[in-house]
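In what follows, chains are A, B, ... by sequence order, proteins preceding strands, each numbered from 1.
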Protein chains: 2
Amino acid sequence: MAIRHGLLALLDEGPAYGYQLKASFEERTGGTWPLNIGQVYTTLARAERDGLVAQLEADDEGRVVYEITDSGRREVARWFAEPVRREVAPRDELTIKLAVAVTAPGVDVRALVQTQRAETMRTLQALTRLKIDADPPLDGSSDTAWHLVLERLIFDAEAEARWLDHVESRLLRAKAAAETPDQNDPGRGPAPGRTPRAEQGTAR
Amino acid sequence: MAIRHGLLALLDEGPAYGYQLKASFEERTGGTWPLNIGQVYTTLARAERDGLVAQLEADDEGRVVYEITDSGRREVARWFAEPVRREVAPRDELTIKLAVAVTAPGVDVRALVQTQRAETMRTLQALTRLKIDADPPLDGSSDTAWHLVLERLIFDAEAEARWLDHVESRLLRAKAAAETPDQNDPGRGPAPGRTPRAEQGTAR
DNA sequence: CTGCGTATCTATACCGAGTATGTATTCGCG
DNA sequence: CGCGAATACATACTCGGTATAGATACGCAG
């Protein structure tokens, strides 16, 4: 519902038509998040269905202008007042991939991690370059939003890189533990020659 | 396509039916990502349509068993070999909210940030508690995957908290800069009245 | 042993986000 | 003039995700 609320918040600043909303939204995120125009119209249609916005009469050029309703205004206020709750963790493709990979036989997890790390660092560098180029408008200019978005992307990419390093060191430690099957770690080392969890889940 | 590939990778280890796949998937992520069973069937149906899996004859109990095809196997290999590329930044609700909030009139951004920070810290603590409880199976046990997932969630939550702090300090500096419009900050303060990088991305 | 709840198993309808495409008009510009 | 880009709206489609329905099997309390 992020898009819906975002558009609603824009409409809270005054009536607008679809294309205008698309442009406003993209401007605020510095083009980081291009919005498909079709999505704007369907989202507006759904918001209208739910009584959050209403169509005004078309303007001089025949454009369909939308206006926020009282109900919509309340919804925007609620959206801003309530924090985003991460009850269900967002499904991240990389995390899924690694979770499956470490438990699947015959997957070279270390290669996977290293390939991914290189890619993540590439992303991170591209973002950093963008940030340097676009440098710091310390004022309250309209670019602040775009900077915040950019910095969020950087923080996330850094977290991803750190996690990949962490995964790698964990893999190394697991490997070391497996290769020194002497005691000294009572009961932890898996029995050599067999893969734990040969069964799994829905035992038939 | 994360779900599709995840299920495909599971099928790469041997034929299975829908419910089994759901259970396997959830087991590998320690229940972090409950998978709606309906999604499994539709995903399997689409994968079958695309020639990645095929139905075997129903087993003794009449369950619909799927098998991966050669094409599917290639797809899995490709998935593991290629890194996840973040070409288009994922749309994060919080980031959208803040980007809109800082440019919207009449939104108390600092309150928003603080409310969100409290919520993020709550999430982070809950995750940390989980991690401590479930503690470290340093072996190659079946819990490794679940630990990785959990740690990823923690890293992400930490990044979010750090970002919120960063946003707050940026807001403070902007406020300070606005309240002391004297110089004394050579070259940093933007020329009053104009915004650098007015173009950028989707130039309006 | 009867029946109630829970787990297993499949299936379909629906929604929202996202993409692709089609169509028409306006506007800058060589 | 005309061509391409920008503006503007609309629809069809895919995919991930949720809700719900319905069927059978199983444990176990009364």
Side-chain angles (χ1 to χ4, degrees), chain A residues 1-8 15-27 29 31-50 52 55-66 75 86-93 95-96 201-204, chain B residues 1-8 15-27 29 31-50 52 55-66 86-93 95-96 199 201-204:
Chain A
M1 316 268 3
I3 303 298
R4 179 174 185 152
H5 284 114
L7 295 184
L8 218 48
Y17 49 89
Y19 200 83
Q20 231 172 4
L21 291 172
K22 166 189 156 73
S24 293
F25 185 91
E26 289 176 350
E27 190 202 353
T29 56
T32 320
W33 284 318
L35 203 52
N36 187 292
I37 182 64
Q39 201 170 344
V40 175
Y41 294 116
T42 51
T43 302
L44 283 173
R46 282 191 290 258
E48 185 180 22
R49 177 202 58 192
D50 298 340
L52 303 174
Q55 278 192 34
L56 298 178
E57 342 179 354
D59 71 356
D60 321 10
E61 276 90 32
R63 292 179 288 214
V64 186
V65 178
Y66 283 88
E75 182 60 20
R86 313 277 188 202
E87 341 249 38
V88 287
R91 251 112 163 151
D92 173 64
E93 168 146 23
T95 314
I96 289 178
T202 60
R204 58 229 63 182
Chain B
M1 316 268 6
I3 303 299
R4 180 174 184 152
H5 284 115
L7 296 184
L8 218 47
Y17 50 88
Y19 200 83
Q20 230 174 3
L21 291 171
K22 165 187 157 71
S24 292
F25 185 91
E26 288 176 350
E27 191 206 351
T29 56
T32 322
W33 285 318
L35 202 51
N36 187 292
I37 182 64
Q39 201 170 345
V40 176
Y41 293 115
T42 52
T43 302
L44 282 173
R46 284 192 288 257
E48 185 180 22
R49 176 202 59 191
D50 298 339
L52 303 173
Q55 280 191 32
L56 297 179
E57 338 176 359
D59 70 358
D60 320 11
E61 276 90 34
R63 294 178 286 214
V64 187
V65 178
Y66 282 88
R86 314 276 187 200
E87 342 250 37
V88 287
R91 253 110 162 153
D92 172 66
E93 169 146 21
T95 314
I96 289 178
E199 85 315 324
T202 56
R204 60 235 64 166

Rounded distance (Å) that lies between atom P of D:dG17 and atom CD of A:E93:
11 Å
What's touching nucleotides 20-23 of chain C from the protein side, N or O pairs under 3.5 Å?
from	atom 1	to	atom 2	distance (Å)
C:dA20	N7	A:N36	ND2	3.4

Nearest of C:dG16, D:dC9, D:dG17 to any side-chain atom of B:I3?
D:dG17
Gap between atoms CE and C1', on B:M1 and C:dT19 respectively (whole Å):
13 Å
Using heavy atoms to find the nearest nucleotide of DNA chain C for B:Y41 and A:T42 separately, return the residue whose nucleotide is more 5′.
B:Y41
Candidates D:dG17, C:dG16, D:dC15 - which lies nearest the side chain of A:R91:
D:dG17
Judged by each residue's nearest nucleotide on DNA chain C, which is more toward the 5′ side, A:D50 or B:Y66?
B:Y66
I'd like to check the side-chain hydrogen bond (donor to acceptor under 3.5 Å, both in side chains) partners of B:D50; sequence neighbours left out, ordered by chain and number.
B:R4
Expressed in angstrom and rounded to an integer, what is the separation of A:L35 atom CG from D:dA10 atom C1'?
16 Å
Can you check the A:L7 CG to D:dC9 P distance for me, whole Å?
13 Å
Nucleotide of D:dC9, C:dT8, C:dT12 approaching A:V64 most closely (side-chain heavy atoms)
D:dC9
Of all the nucleotides listed (D:dT11, D:dC9, D:dG17), which has the minimum atom distance to the side chain of A:Y19?
D:dC9
The side-chain hydrogen bond (donor to acceptor under 3.5 Å, both in side chains) partners of A:Q39 (sequence neighbours excluded) come to none
Taking atom P of C:dC9 as reference, at what distance in whole Å does atom CD of B:E26 sit?
13 Å
Separation of D:dA10 atom P from A:L21 atom CG, nearest Å, is 13 Å
Could you work out which one of C:dA11, C:dA17, D:dG16 sits closest to the side chain of B:R46?
D:dG16
Without decimals, in angstroms, what is the distance between A:W33 CH2 and C:dG18 P?
10 Å
Sub-3.5 Å donor-acceptor pair from the side chain of B:E26 to the main-chain atoms of B:L35, do we have one?
yes
Please list, chain by chain and in numerical order, all residues satisfying salt bridge (Lys or Arg N to Asp or Glu O under 4.0 Å) with B:E93, sequence neighbours excluded.
none
Salt bridge (Lys or Arg N to Asp or Glu O under 4.0 Å) partners of B:E48, counting only residues at least two apart
none
Side-chain contact check for B:R49: nearest option of C:dT10, D:dA10, D:dC15 is D:dC15
Over all atoms of both residues, closest heavy-atom pair of B:Y17 and B:R63
OH-NH1, 3.0 Å
Mind checking what makes side-chain hydrogen bond (donor to acceptor under 3.5 Å, both in side chains) contact with B:T29, not counting sequence neighbours?
none
